[in-house]
Amino acid sequence: MDRKFTKIAPREPDGQLSMMFARGGHRSGAGRKAIGITRKVSLTLSEPLWAEIDRRCRRTGRSRSEVLRVLLEAAVAAGGDEAEEAEEAEEAEAEEENGEPRS
């Protein structure tokens with residue numbers, strides 16, 4: 001009968017114990033490096049805008065997350081005032097439609 005052994009690794013800096021296997025497994029500093037905080041969002045966009053995002057994904061070989069991150073970073077770096085102005089104009093238009101006075 002062939003027995004396999006598992007070793008207990010030395011404690012991690014955070015005090016946790018981990019298992020040691022012959023190959024792979026948890027190693028300090030291993031794996032993909034974080035580029036930021038992951039937050040799940042639901043995003044509603046028009047079909048033409050989704051098509052443009054997908055076209056950019058195919059053209060650049062990037063994921064949707066990467067393409068959206070690049071676009072958002074570029075908008076923020078450019079000042080992002082266009083988005084705020086568009087939102088304010090949309091709110092003003094909605095107020096006019098509802099008969100509310102503009103402030």
Heavy-atom distance under 4.5 Å between the side chains of R56 and V70, does that happen here? no
Test salt bridge (Lys or Arg N to Asp or Glu O under 4.0 Å) applied to R55 - qualifying residues, sequence neighbours left out: E52
Measure the spacing between CZ of R62 and SG of C57 and express it to the nearest 0.5 Å. 9.5 Å
For a side chain to side chain contact (heavy atoms under 4.5 Å, CB included) check, start with the C-alpha distance between E66 and T60, then their side-chain angles and the critical distance, and finish with the verdict. CA-CA 10 Å; E66 288 176 292; T60 62; over 6 Å; no
Which other residues belong to the hydrophobic cluster containing L68, where Ile, Leu, Val, Met, Phe, Trp and Tyr are joined when side-chain heavy atoms lie under 4.5 Å apart, directly or via other members? L43, L45, L49, W50, I53, V67, L71
